[in-house]
Peer 1: 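Got a structure for you, written out below as structure tokens; questions coming shortly.
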Amino acid sequence: MSRPTLGARCLDLTDPATFVDNDVHAFWREVRAERPVFWHEPTGDVPGFWAVARYADVQALYHHEALSSERGNILDVVLRGDDSAGGSMLAVTDDPRHRPLRNLIWSAFTPRVLGEVVEKVRRRAAELVGGVTGAGTFDFAVEVAEQIPMHTICDLLSIPHADRADLLRWNKMALSSVHADSDELDALSARNEIVLYFMELAQERRDAPGDDVVSMLATARVEGRLLTVEELAVNCYSLILGGDETSRVSAICAVLALIDNPGQWRALRAGEVAVESAVEEVLRWATPGIHLARTAVRDLEIGGRQVRAGDIVTLWNVSANNDESVFDEPRRFLLSRSPNKHLSFGHGPHYCLGAFLARAELKALLSALAGGVARMELRGTPRPIYSTFLNGFESLPVSFGGR
Ligand code: HEM
């Protein structure tokens, strides 16, 4: 049977440059209206896949038992074949194994641990913003945004300070490609470095457990057995992978959006809008993870289309978060937007485990900006990230003026 495609108007969703060189919002608007579930044709050696654009479909499919994450949950990975962490890393593990593993990791984030981490985030954000205010032109991405999430995850995992710069560097190489021609081999070796690092750490903490998340994971049992050192390593990695770049790009996006929308920035500074509400709009506006991918484990119908077992199905958060049937004037950045049930953290069983921390980081940043910065100006051209998964910028030259 021939599959309904989008024809010549389809952007190549497998090419990172697509998301930099095109008005993707105009594209998705058209897709939602005309072909909300479409077949993305194969390109060269790259297989075809389904793309789902409407909010209601995306939200419902996050819960669908016929869609598996085990071959990977990011398009790049699924198109290349299986995710090597499938079945052991939380995000790419299906039930029945997923639920007890998720419960274990969640239980390691005790209120005490989270409370301490959030307090450190608040202090760190205030210090970082204070340090760059009145200091002339600086790169917000490097001087501020990059400094918050990685330290937060490292605080959560009690990673020694001396090791953090290496982890940040490897993680950048492993996920986002800031240059269109970045090397896949470098990304692979960076991923290996991170896993090896965590294998050593997990073994150390298993041998001499302390009062930290890694020690708890290393000594707890899931379905009656200890996790292997490899499983521990990929799940620690999963926290870094999930928590660093996504939070970083949302912070960068927040500052850019506030500069582009001076009325909203004034409202935030004047306390006319709750910081919690502003955080949700930043998350919707940024949509750090453009899409999530799944693989059909049996035939199913999506939006009247026949999906076959083995087909790749992609859920486009960036489109769902701008679906005009759910969000009024979706391309308006409106900090007081309510309701604002964006899908930036996904939905259903794999809903982001770090959502609480990600929100705390953004809240700390917005509070520090609103409380300590009078003027924010763009001082150069933001440099975009080239990625089919990660949305945003890797450089943002700005200046902040004090009160
Ligand atoms: C899952 C987004 C921050 C750890 C997810 C998912 C999304 C997401 C969309 C669902 C994946 C799927 O359905 O396949 C984000 C965004 C963040 C953020 C936009 C920041 C703005 C964090 C942080 C952490 C984290 C700070 C770590 C503390 C995880 C983990 C999962 C996950 C472990 C897998 C959960 C599971 O499979 O049960 N995240 N995330 N994320 N996230 Fe986040």
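In each ligand, atom 1 is the first atom listed, and ligand 1 is the first ligand listed. Computation of the quantities below employed the complete heavy-atom set of this structure, encompassing side-chain atoms and omitting hydrogens, waters and symmetry-equivalent molecules. Quick caveat: nothing in here was measured; it's all calculated off a predicted structure. The first residue in the sequence is number 1, and the count goes up from there.
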Peer 1: Give a yes/no on ligand 1: does P349 have at least one heavy atom closer than 4.0 angstrom to it?
Peer 2: yes
Peer 1: Give the single entry among G242, A358, S344 that approaches atom 22 (C) of ligand 1 most closely by any heavy atom.
Peer 2: G242
Peer 1: Between P288 and ligand 1, which part of the residue brings a heavy atom under 4.0 Å of the ligand: side chain, backbone, both or neither?
Peer 2: side chain
Peer 1: Could you tell me whether some N/O pair between E361 and ligand 1 is separated by less than 3.5 angstrom?
Peer 2: no
Peer 1: Taking only heavy atoms of L90 into account, list the atoms of ligand 1 that are under 4.0 Å away from them.
Peer 2: 35 (C), 36 (C), 37 (O), 38 (O)
Peer 1: For atom 28 (C) of ligand 1, what's the nearest protein heavy-atom neighbour? Residue, atom name and distance, please.
Peer 2: I153 CD1, 3.6 Å
Peer 1: Side chain, backbone, both or neither: which part of H350 comes within less than 4.0 Å of ligand 1 when only heavy atoms are counted?
Peer 2: both
Peer 1: Do we get R102 above W106's six-membered ring, with its NZ or CZ under 6.0 Å from the centre and within 45° of the axis?
Peer 2: no
Peer 1: Excluding sequence neighbours, so at least two apart, what forms side-chain hydrogen bond (donor to acceptor under 3.5 Å, both in side chains) with T314?
Peer 2: W316
Peer 1: Return a yes/no value for N73: is any of its N or O atoms, backbone included, closer than 3.5 angstrom to an N or O of ligand 1?
Peer 2: yes
Peer 1: Taking only residues two or more places apart in sequence, or in another chain, which ones meet N22 in a side-chain hydrogen bond (donor to acceptor under 3.5 Å, both in side chains)?
Peer 2: none
Peer 1: Is the NZ or CZ atom of R375 both under 6.0 Å from the centre of the six-membered ring of F400 and within 45° of that ring's axis?
Peer 2: no
Peer 1: I want to confirm something. Looking only at heavy atoms, which of H347, R99, H291, R294 is nearest to atom 13 (O) of ligand 1?
Peer 2: R294
Peer 1: Should you measure from each heavy atom of L283, which atoms of ligand 1 turn up under 4.0 Å away?
Peer 2: 21 (C)
Peer 1: As a quick check of understanding, evaluate salt bridge (charged side-chain N to carboxylate O under 4.0 Å, His left out) for D57 and R54, giving each step before the final call.
Peer 2: CA-CA 5 Å; D57 290 333; R54 282 188 185 156; 5.5 Å; no
Peer 1: So if I count the atoms of ligand 1 from 1 in the order they appear, which ones are less than 4.0 Å from some heavy atom of H98?
Peer 2: 36 (C), 37 (O), 38 (O)
